[in-house]
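To start, the structure under review is shown below, and the notes come after it.
Note that the numbering runs from 1 along the sequence shown for the chain. Both counts, for ligands and for their atoms, begin at 1 and track the order of listing. Note that this is a predicted model, so its numbers are computed, not measured.
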Amino acid sequence: MTSLGINNPLLSIHMTYAVSPSSVVSLAIVGSTDRFPIRRVYCVGRNYVEHAQEMGFTGREPPFFFLKPADAVVPVASNEVVSIPYPSLTQNLHHEVELVVAIRKGGKNISAVDAASYVFGYAVGLDMTRRDLQGEAKKQGRPWEIGKAFDHSAPIGPVTPISKSGELSAGAIELTVNGKTTQKSDVAKLIWSVNEIIEHLSAAWELQPGDVIMTGTPEGVAAVVRGDTMRASCVGCEPITVRIAD
Ligand code: MN
């Protein structure tokens with residue numbers, strides 16, 4: 001049997017596509033002209049106690065995960081204001097500021113003590129959520145995609161390499177809307193630390209270079225409307241500014 005397959009680069013030279021393949025979505029890297037290409041966007045649910053409580057839950061449950069498509073990511077440079085459209089079908093678009101971890105090498109069943117060596121770097125991101133649609137999906141026992149995985153639902157800033165930032169385990173994470181603070185916490189308050197998240201996640205999926213993990217949001221999630229400007233910041237990361245288009 002030959003091992004040649006459709007992913008073999010020697011064969012792909014001769015392959016033509018019936019429709020144009022999507023381009024790779026990538027993030028800027030602080031201090032480099034290289035880009036960080038995104039493969040998958042993993043997200044952690046309810047990973048700060050006060051946010052779990054505001055959503056009607058208590059205590060430390062095992063971490064759980066959902067995904068957004070890579071092309072839901074909106075790359076945001078540190079010195080620009082990026083506009084995203086107000087999404088369809090919702091009357092309750094929420095912001096969730098989150099520490100985002102970029103993965104540099106593949107692995108499965110990674111232990112928390114080894115996890116830092118898999119981290120390329122960190123960014124701040126927004127897990128935008130159609131809260132009304134997510135709530136309805138929860139109530140009906142349906143998947144969350146319509147509430148979480150819509151177009152433009154993941155603005156993410158430049159990646160700061162871990163070689164510059166060091167391992168991030170404490171420090172401020174904050175979101176302002178039109179200059180007023182709505183979310184303010186500390187990444188030390190993550191129920192499951194970045195290293196523990198990587199351990200749990202890599203037991204369920206084999207991580208690959210280019211994966212990013214949105215690690216969960218602290219309390220203070222709230223609605224934004226057309227014309228609002230959000231500024232997201234997190235220790236060790238370049239802050240970003242995202243506007244909801246008129
Ligand atoms: Mn979230």
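- Here the side chains of D127 and K68 are in contact, with some heavy-atom distance below 4.5 Å.
- With respect to the Mn ion (ligand 1), D127 has OD2 as its nearest N, O or S atom.
- Summary: OE1 is the N/O/S atom of E96 found nearest to the Mn ion (ligand 1).
- Closest approach between the Mn ion (ligand 1) and any N/O/S atom of E98 involves OE2.
- Of all heavy-atom pairs between C237 and L168, the closest is SG-CD1, 4.2 Å.
- Just one of Y42, W192, F65 meets the ring pair (Phe, Tyr, Trp, His ring centres under 6.0 Å) condition when paired with H200; it is W192.
- The backbone N or O of A112 lies less than 3.5 Å from a partner atom in the side chain of E199, making a donor-acceptor pair.
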